[in-house]
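Heads up, the thing below is written out as structure tokens.
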Amino acid sequence: MYRNFRIVPNIIFGRGAFNQLDDVIKHKRTSSEAYFVYVIDDVFTGKELEGRIPLKGRDLLLRVNVDDEPKTRYIDALVKQIRSYHFEKPVGIIGIGGGSTMDIAKAVSLLLNNPGSSADYQGWDLIKFPAVYHVAVPTLAGTGAEISRTAILTGPEKKLGINSDFTLYDQILLDPELVADVPKDQWFYTGMDCYIHDIESLQGTFINEFSRAYGEKSLELCRQVFLEDHPDRDDKLMMASYFGGMSIAYSQVGACHALSYGLSYVLGIHHGIGCCIAFDYLDEIYPEGVAEFRQMMARHDIALPRNLTKGLDSAAMEKMVTTALGLVPLWQNCLGPDWADIMTRDRTMELYTRM
């Protein structure tokens, strides 16, 4: 059986496209009571972008903090805050920010229409009811969060996404101007998430011509962005992110993402830099990709943190290993059906010890 998967149905791309946001969503304002919730990274507090948001009437500006990756208890608190704001649900959620902010907006839109805690839905296809209408406006490029069916959350027992067709955005608005002033390190780490998506998809056992077509184009764009000089590099990286997300939609990521989940769950390391840290130790699995990744690091003068696991007790190390190995589809894509005989607990522990 082949998967019949959904994709984001509406997309706007272009410099200055953010100015069209009000026109794009106005069809949802069907009454004077209708309101939107704008979920925006609090890094934009008082900045120009925040001032450009087309707030009207009862609209709620919800500033969110992503210093730490999104936690299920944070999602639950935000949902409670929205429910207490007005007796009616919002007609839409607009996520403005990087991957974590977009994942928060996804999760909030789902939980407004599904009972219980967000932790109840960490897994695959556990959501029962469609989300509130939701729109993504990425201000970083690389994670693919704008196009993916996953909202990655850290819960009390695990780091695992809400994976559902209902998670997908109804609309995405891609404006390359919004990524122009991103700090270099953050720009690089987020972009490398996309590059690693491509490597893991293209070299995985789940690869097919659908995924290959998107992955190869995304990889070509990543090389132009990180190994060449182009005045429109932000445009290229935004499209690389989109294509990279589409590539893994019909395949899967691999070892690097699995290991990064362990780093994030135990050490609180953000996803992009966590992927970079893990990828740098995967020469045996992705030799050509790791070599090219190091060229990109050298070109952009990026130095990764080292000795992160030094001094961790055995319980913390074991938790990282358990978290990583629990992501079975990722390992199956990377190493095939016999993956557990190849990536043993001892081998996983050795990789983490080197980090």
Side-chain angles (χ1 to χ4, degrees), residues 8 35-45 59-140 143-172 257 260-261 264-272 274 323 326-327:
V8 173
Y35 71 99
F36 284 91
V37 176
Y38 290 88
V39 177
I40 184 169
D41 187 334
D42 64 7
V43 74
F44 295 111
T45 300
D59 288 354
L60 173 63
L61 184 64
L62 191 62
R63 300 181 180 98
V64 296
N65 184 272
V66 293
D67 290 343
D68 297 320
E69 292 209 314
K71 294 182 171 56
T72 53
R73 65 174 180 268
Y74 189 42
I75 300 301
D76 296 346
L78 293 173
V79 171
K80 183 178 180 180
Q81 181 179 345
I82 294 170
R83 285 178 172 154
S84 65
Y85 174 73
H86 197 271
F87 65 91
E88 290 188 0
K89 283 184 286 194
V91 294
I93 305 292
I94 315 296
I96 304 173
S100 291
T101 303
M102 287 188 284
D103 282 349
I104 289 171
K106 288 179 187 175
V108 166
S109 67
L110 289 167
L111 268 293
L112 285 169
N113 278 347
N114 288 272
S117 167
S118 53
D120 299 334
Y121 301 104
Q122 286 182 279
W124 280 267
D125 300 307
L126 302 176
I127 291 287
K128 301 301 182 185
F129 302 105
V132 170
Y133 173 81
H134 51 309
V135 178
V137 183
T139 61
L140 288 169
T143 68
E146 68 277 8
I147 197 68
S148 82
R149 72 192 298 270
T150 302
I152 300 174
L153 303 176
T154 300
E157 298 179 2
K158 57 195 171 186
K159 178 181 176 181
L160 186 61
I162 299 177
N163 296 273
S164 168
D165 281 347
F166 295 135
T167 308
L168 284 161
Y169 277 105
D170 298 290
Q171 170 83 55
I172 59 177
H257 275 73
S260 76
Y261 272 50
S264 177
Y265 186 61
V266 174
L267 296 175
I269 294 172
H270 275 244
H271 182 70
T323 299
L327 294 158

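Just the heavy atoms: all of them, side chains too, but no hydrogens, waters or symmetry mates, feed the values below.
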request  = Work out which heavy atom in I75 is nearest to a heavy atom in S118; give both atom names and the distance.
outcome  = CB-OG, 3.7 Å
Any donor-acceptor N or O pair under 3.5 Å, side chains E69, S100 = no
ask   = Got a sec, which residues hit side-chain hydrogen bond (donor to acceptor under 3.5 Å, both in side chains) with Q122, two or more places apart in sequence or on another chain?
value = none
inquiry  = When you compare the side chain of V37 with that of I94, does any pair of heavy atoms fall below 4.5 Å?
reply    = no
request  = Would you mind listing every salt bridge (charged side-chain N to carboxylate O under 4.0 Å, His left out) that reaches into residues 93-102, with sequence neighbours excluded?
outcome  = none
query = Less than 4.5 Å apart, any side-chain heavy atom of K159 and any of L153?
reply = no
query = Between Y133 and Q171, is any pair of side-chain heavy atoms under 4.5 Å apart?
reply = yes
query = Looking at residues at least two apart in the chain, or sitting in another chain, which of them share a ring-ring contact (aromatic ring centres under 6.0 Å, His included) with H271?
reply = H257
query = Is it true that a side-chain atom of S264 and a backbone atom of I269 form a donor plus acceptor pair closer than 3.5 Å?
reply = yes
inquiry  = Applying side-chain contact (heavy atoms from CB on, under 4.5 Å), can you list everything that pairs with K89, at least two apart in sequence or on another chain?
reply    = L112, N113
request  = Could you tell me which residues satisfy side-chain contact (heavy atoms from CB on, under 4.5 Å) with T139, sequence neighbours excluded, listed by chain and number?
outcome  = F44, L49, I96, L178
message = Evaluate I40 against L62 for side-chain contact (heavy atoms from CB on, under 4.5 Å), listing each step before the verdict.
response = CA-CA 6 Å; I40 184 169; L62 191 62; over 6 Å; no
ask   = Rounded to the nearest 0.5 Å, how far apart are CE of M102 and CD1 of I93?
value = 15.5 Å
query = Would you say the side-chain atoms of S117 pair up with the backbone N or O of A119, donor to acceptor, closer than 3.5 Å?
reply = yes
message = Quick check on E88: does its CD atom have over 12 non-hydrogen neighbours (other residues, nucleotides or ligands) under 6.0 Å away?
response = yes
ask   = Taking only residues at least two apart or on different chains, which pairs with a member in residues 111-132 satisfy ring-ring contact (aromatic ring centres under 6.0 Å, His included)?
value = none
ask   = Within a strict 4.5 Å, meaning less than it, do heavy atoms of the V64 and T101 side chains meet?
value = yes
query = Any side-chain heavy atom of P156 within less than 4.5 Å of one from T72?
reply = yes
key: salt bridge (charged side-chain N to carboxylate O under 4.0 Å, His left out): pairs with one or both residues in residues 102-125, sequence neighbours excluded   = D103-K106, D125-R149
ask   = N65: what forms a side-chain contact (heavy atoms from CB on, under 4.5 Å) with it, not counting sequence neighbours?
value = D42, D67, Y74
note = In terms of heavy-atom contacts, V39 and A105 come closest through CB-CB, 4.3 Å
ask   = Does Y35 reach the side chain of V91, with side-chain heavy atoms less than 4.5 Å apart?
value = no
request  = Not counting sequence neighbours, list each pair that qualifies as a side chain to side chain donor-acceptor pair (under 3.5 Å) and has a residue in residues 77-86.
outcome  = E33-H86
inquiry  = Looking at every heavy atom in both I82 and P90, which two are closest together, and how far apart are they?
reply    = CG2-CD, 3.9 Å
ask   = Can you check side-chain contact (heavy atoms from CB on, under 4.5 Å) on I104 and V66, steps first, answer last?
value = CA-CA 9 Å; I104 289 171; V66 293; 3.9 Å; yes
ask   = Listed by chain and number, what are the salt bridge (Lys or Arg N to Asp or Glu O under 4.0 Å) partners of D59, not counting sequence neighbours?
value = R29
Contact check, side chains of S164 and L126, non-hydrogen atoms, under 4.5 Å = no
key: Those residues that, when tested against L110, pass side-chain contact (heavy atoms from CB on, under 4.5 Å) (two or more places apart)   = I127, A131, I162, F166, T167
With Y169 via ring-ring contact (aromatic ring centres under 6.0 Å, His included) - residues at least two apart = H134
